[in-house]
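As structure tokens, the structure follows; a few thoughts come after it.
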Amino acid sequence: MGQSSAGYSFRDLNPDTGRFLDDVMAGLSRPQKALPPKYFYDAQGCALFEAICGLPEYYLTRAEIALMRRQVGDMAQHLGPGCALIEYGSGNGRKTRILIEAIGPVAYVPIDIARAQLGATAAEIAREFPRLRVIAVCADYSRPLALPELDGLGARRRLVYFPGSTIGNLTPAEAAAFLAGTREQAGAGGGLLIGVDLKKDTARLDAAYNDARGVTAGFNLNLLARINRELGADFDLSAFRHRAFYDEAAGRIEMHLVSVKAQAVTINGRAIRFREGETIHTENSYKYPVREFQELARAAGLAPVECWTDAEQLFSVHYLAVPE
Ligand code: AVI
């Protein structure tokens, strides 16, 4: 584990070594071509996602931050002081700061696949909260991972924080399996605090993923640009366009990249053919009513304790306890 002079330690589990090419080839060889959304987040992708979070149409981030500010006092009553706070997908840590200030954890363990952003966020938080032990872990939290040793830190319990409705990027079956794995990481007596986007009218959802400035389109297309940059592929970005829509029956936004013509792309010496109009499915973003998400949590062996929503009923944050 590398100890940084900035007051945090950094453990690199090398989440991307060798997997990107295999995942891309496997995804583009399926009848419905698909790419895993975790690969959106290279440096450009992180910057584009930051821009998305500030867009007028993308209500999720604003609603969740407003909710956290309004309810964090009540959350603190449930969560108590002195926990080890483990965060999946730490991003820029804006919501985390609100939580850290209110609950006073003894340790903060941000886990993210985006190495550079993880280091920057860990350094900033270590500077802002000098008494907090910050242990950053660069890892793919969608796969089983070994957490650093936390027992010697004097934490009363473990709290896993998973904000931003990133759980919505998993299918419900994947989300249930993920919750069950996270329950194990939190351990008996621990808890999970999870941000979940709520179902709402289709027009608002469609607009959030089809912003007028085309930032979401750029974020989606950056996946192909990343494959070109890192795997030496020859995607012509002007021959693909962004498509996102809400599928009401499935309760999810689907994002695709549509091939605007018949074409072939070479990746690692192999030609991948596209028909005109054929799509690469790049992301799902599921939306859950409060009860539906609580059912999912129960099925994963967790006990829903409390759920907070923002004033406009756009977003929810669930507190789920791990039974003793
Ligand atoms: C990270 N995740 C929760 C975002 C979402 O809303 O599903 C990713 C995103 N995709 C397009 N816009 C934002």
Side-chain angles (χ1 to χ4, degrees), residues 38 60 63-64 67-68 71-91 95-96 98-100 102-103 105-112 137 139-148 150-151 155-199 251-252 284-310 313 315-324:
K38 66 184 176 190
L60 289 84
E64 188 174 17
L67 188 167
M68 291 300 290
Q71 304 287 8
V72 78
D74 196 29
M75 289 178 188
Q77 302 284 321
H78 286 279
L79 308 175
C83 72
L85 178 64
I86 299 159
E87 180 173 14
Y88 291 152
S90 52
K95 299 151 210 159
T96 320
I98 301 172
L99 192 62
I100 291 175
I103 68 172
V106 295
Y108 172 53
V109 184
I111 305 172
D112 207 315
V137 181
D140 176 1
Y141 56 77
S142 69
R143 312 172 67 82
L145 73 106
L147 281 179
L150 299 175
D151 287 348
R156 293 187 184 175
R157 59 204 288 266
R158 292 178 181 196
L159 176 70
V160 176
Y161 185 40
F162 194 33
S165 202
T166 305
I167 195 152
N169 297 139
L170 304 176
T171 64
E174 289 166 346
F178 177 82
L179 288 173
T182 306
R183 184 194 70 206
E184 296 298 318
Q185 300 228 313
L192 277 62
L193 192 68
I194 305 201
V196 183
D197 196 16
L198 292 167
K199 279 194 172 137
R252 71 185 191 198
N284 291 318
S285 194
Y286 281 84
K287 314 298 171 186
Y288 292 97
V290 170
R291 289 270 156 73
E292 205 177 303
F293 191 77
Q294 288 178 333
E295 280 310 308
L296 197 71
R298 278 194 197 95
L302 292 158
V305 176
E306 186 61 88
C307 177
W308 298 271
T309 56
D310 64 302
Q313 302 297 308
F315 202 89
S316 62
V317 173
H318 289 258
Y319 175 48
L320 312 167
V322 181
E324 299 270 4

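A quick note: this is a predicted structure, and the numbers were derived from the prediction, not measured.
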Which value, rounded to the nearest 0.5 Å, describes the distance between [X] atom [atom1] and [Y] atom [atom2]?
X    : Y    : atom1 : atom2 : answer
L85  : R157 : CG    : CZ    : 11.0 Å
I167 : Y288 : CD1   : OH    : 7.0 Å
D310 : M68  : CG    : CE    : 12.5 Å
R183 : L320 : CZ    : CG    : 12.0 Å
I111 : Y141 : CD1   : OH    : 9.5 Å
K287 : L60  : NZ    : CG    : 5.0 Å

Take L192 and V322, measure what side-chain contact (heavy atoms from CB on, under 4.5 Å) needs, and give me the verdict at the end.
CA-CA 8 Å; L192 277 62; V322 181; 4.2 Å; yes
*asked:* Quick one, V137 with I86, criterion side-chain contact (heavy atoms from CB on, under 4.5 Å). Give me CA distance, side-chain angles, the key distance, then yes/no.
replied: CA-CA 10 Å; V137 181; I86 299 159; over 6 Å; no
Evaluate the criterion side-chain contact (heavy atoms from CB on, under 4.5 Å) for residue pair H318 and V290; output intermediate values, then yes/no. CA-CA 8 Å; H318 289 258; V290 170; 4.0 Å; yes
Q. Quick check: does any side chain N or O of R158 sit under 3.5 Å from a backbone N or O of Q185, one acting as donor and the other as acceptor?
A.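 Present.
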message = Tell me if a side-chain donor or acceptor on N169 pairs with a main-chain N or O of N284 at a distance below 3.5 Å.
response =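 Yes, N169 side chain to N284 backbone: donor-acceptor pair under 3.5 Å.
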Considering all heavy atoms, the nearest [X]-[Y] contact:
X    : Y    : answer
G301 : P323 : O-CD, 3.3 Å
C83  : A155 : C-CB, 4.0 Å
A84  : L150 : CB-CD1, 4.4 Å
K95  : G164 : NZ-CA, 3.9 Å
A102 : A76  : O-CB, 3.8 Å
K199 : G251 : CE-CA, 3.8 Å

Notebook entry, point to check: By side-chain contact (heavy atoms from CB on, under 4.5 Å), which residues pair with Q313, not counting sequence neighbours?
Noted result: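 Per chain and number, Q313 pairs via side-chain contact (heavy atoms from CB on, under 4.5 Å) with T309.
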Sort out for me which residue in D197, V317, I194, L198 forms a side chain to side chain contact (heavy atoms under 4.5 Å, CB included) with S165.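 It is D197; the other options fail the test.
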Take the angle between the ring planes of Y88 and F162 and call it parallel below 30°, perpendicular above 60°, tilted in between.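 Perpendicular.
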Derivation and outcome, side-chain contact (heavy atoms from CB on, under 4.5 Å), residues I98 and E64: CA-CA 11 Å; I98 301 172; E64 188 174 17; over 6 Å; no
